[in-house]
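Here is how names work: the chains are called A, B, and so on, in the same order as the sequence lines, proteins then strands, and each is numbered from 1.
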2 protein chains.
Amino acid sequence: MHLSHPALRQPVTAADRVLQEIQRAIVEGDIAAGSKISEPELARRFDLSRAPLREALARLERCHLIERIPNAGARVVKLSTTGLLALYQLRENLEGLACKLAAEHMTDAEITEVRQLLDQHLASQRVREGESYYQEAGDLDFHYRVILGSKNSYLINILCDELYYLVRMYRVQLGMNGPRVSRAFDEHKAIINAIANRDGELADLLMRRHIAASRRNIELQLEQTGT
Amino acid sequence: MHLSHPALRQPVTAADRVLQEIQRAIVEGDIAAGSKISEPELARRFDLSRAPLREALARLERCHLIERIPNAGARVVKLSTTGLLALYQLRENLEGLACKLAAEHMTDAEITEVRQLLDQHLASQRVREGESYYQEAGDLDFHYRVILGSKNSYLINILCDELYYLVRMYRVQLGMNGPRVSRAFDEHKAIINAIANRDGELADLLMRRHIAASRRNIELQLEQTGT
DNA sequence: CACGCTAAAATTGTCGACAATATACGCCTA
DNA sequence: TAGGCGTATATTGTCGACAATTTTAGCGTG
């Protein structure tokens with residue numbers, strides 16, 4: 001049971017590289033949601049054989065970005081309100097647990113690092129008010145740290161490797177530039193404070209609320225865009 | 001988002017078949033925990049080429065039965081106390097959530113089915129008192145039903161496809177024939193009652209306790225066997 | 001014109017061989 | 001004899017081609 005997970009590992013094999021490229025393409029909508037995946041086409045596009053490509057597809061299925069049917073091929077996942085709800089329902093619970101465990105297992109040094117990270121975000125955010133991309137990356141970065149702080153490898157694997165690409169996909173393809181930017185920082189602060197105080201129960205609660213608020217925000221976006 | 005998951009699907013491809021065979025072999029200790037996986041050897045043993053075998057290995061990694069290192073090969077996972085703890089920590093939370101959602105989403109018909117299932121277990125268990133295998137299968141069956149009842153595809157996928165083979169592996173390789181057999185039935189009854197009453201909060205609590213008790217039981221087994 | 005059947009095309013699944021990388025062995029040196 | 005280096009071996013990663021299956025297109029029939 002090792003704690004550093006593959007997502008942070010830089011690609012060493014051709015399958016790793018093409019995985020990252022396709023992941024990015026799907027998350028950012030470069031390959032349209034719901035569209036069919038053609039192995040021969042992708043193989044040509046990325047200039048490699050089908051063997052490493054299929055390896056990559058297997059991992060894409062693992063993080064729920066594509067759905068495969070035997071002998072019939074793969075499709076990029078479709079975004080839906082029910083899917084979003086199910087995903088965030090899970091996140092609320094899992095990241096709440098992660099917070100509780102982080103309050104038990106994070107070292108003081110790690111907590112200090114996260115606080116420095118938040119200070120950085122605050123500074124850079126004041127400068128480029130409203131640029132959602134940095135906010136988003138920063139938010140994910142914060143969540144990553146806390147999740148890793150749980151020191152539970154299964155939990156880390158599920159959240160960082162299997163669910164987060166899909167979370168990003170929903171965020172990116174739904175815009176995510178609302179007025180929530182500034183409030184999120186305060187919520188992050190409160191969470192890391194609870195963790196620093198070793199108050200797992202509170203950290204759990206605050207994280208659940210934080211994610212619930214984030215979910216409502218995206219749902220609003222969804223309604224406005226018109227499903 | 002479809003609710004019936006691959007685990008219940010019968011194998012259609014060669015990779016599917018060999019996956020199931022290797023899964024069983026690892027879970028039951030036929031392939032020793034911690035041992036190295038040799039692709040050429042397994043390919044000969046199951047009489048197929050390395051392509052479908054590697055597909056199977058990718059899925060074995062997904063359900064945490066093996067660990068792969070690029071260019072260096074795969075090893076069967078090692079069982080450990082910390083691993084068991086991390087796994088059950090997650091199960092407590094996730095299956096608790098599953099219960100809460102099941103209380104909201106299960107149909108009356110589905111609840112009736114689960115109750116019939118429990119009656120069957122009780123009858124057959126009275127007959128073959130103490131035979132742990134059936135008990136284990138029955139227990140897992142109950143948990144499966146509840147999890148499916150949550151109607152959350154991500155939750156179902158994580159519990160049934162990714163974590164449960166490992167749970168079974170711990171159970172099988174640690175014996176699991178303790179005196180807990182009879183108490184589990186009562187706990188199952190209480191859980192389905194809570195779900196039937198649409199009391200999600202109570203169902204959540206009871207399931208967490210049920211799994212915590214199960215964990216303590218296995219930990220005891222571990223200590224006795226001598227890690 | 002719609003429907004079902006048949007045949008052709010395309011796609012996925014599997015195979016055996018080659019290339020790149022890691023492991024194991026033997027040798028040399030201190 | 002212990003330790004490090006270089007080669008030999010074995011294993012994993014990748015490739016191109018073939019087999020099996022599905023999808024598509026065309027045809028005939030009701």
Between [atom2] of [N] and [atom1] of [X], the distance in whole Å:
X       : N      : atom1 : atom2 : value
A:Glu39 : C:dA10 : CD    : C1'   : 12 Å
B:Asn71 : C:dA19 : CG    : P     : 17 Å
A:Arg75 : D:dT23 : CZ    : C1'   : 12 Å
B:Leu53 : C:dG16 : CG    : C1'   : 15 Å
A:Arg50 : D:dC15 : CZ    : C1'   : 11 Å
B:Arg68 : D:dT11 : CZ    : P     : 16 Å
A:Glu55 : D:dG13 : CD    : P     : 7 Å
A:Arg54 : C:dT14 : CZ    : P     : 7 Å

For D:dT14, does either OP1 or OP2 sit under 4.0 Å from a side-chain N or O belonging to A:Thr13?
yes
For B:Lys36 and D:dT12, is the shortest distance between a side-chain N/O and OP1 or OP2 below 4.0 Å?
yes
With a 4.0 Å cut-off, would you call [X] and [Y] a salt bridge?
X       : Y        : answer
A:Asp30 : A:Arg24  : yes
A:Arg68 : B:Glu55  : yes
B:Arg75 : B:Glu67  : no
B:Glu92 : B:Arg215 : yes

In terms of the nearest nucleotide of DNA chain D, which residue is placed more toward the 5' end: A:Ala15 or A:Ala72?
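Nearer the 5' end of the strand: A:Ala15.
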Pick the nucleotide of DNA chain D nearest each of B:Ser38 and A:Ser49; which residue has the one closer to the 5' end?
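Result: B:Ser38.
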At 4.0 Å (heavy atoms only), tell me whether A:Ile37 reaches a base, stays on the sugar-phosphate, or touches nothing.
sugar-phosphate
At 4.0 Å (heavy atoms only), tell me whether A:Ala14 reaches a base, stays on the sugar-phosphate, or touches nothing.
sugar-phosphate
Is there a donor-acceptor contact under 3.5 Å from the side chain of A:Lys100 to the main chain of A:Gly200?
no
With the side chain of A:Pro52 defined as its heavy atoms from C-beta on, choose the nearest nucleotide among D:dT12, D:dT14, C:dC15.
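Between D:dT12, D:dT14, C:dC15, the one nearest the side chain of A:Pro52 would be D:dT14.
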Side chain of A:Leu48: nearest nucleotide among C:dT14, D:dT11, D:dC15?
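Of the candidates, D:dC15 comes closest.
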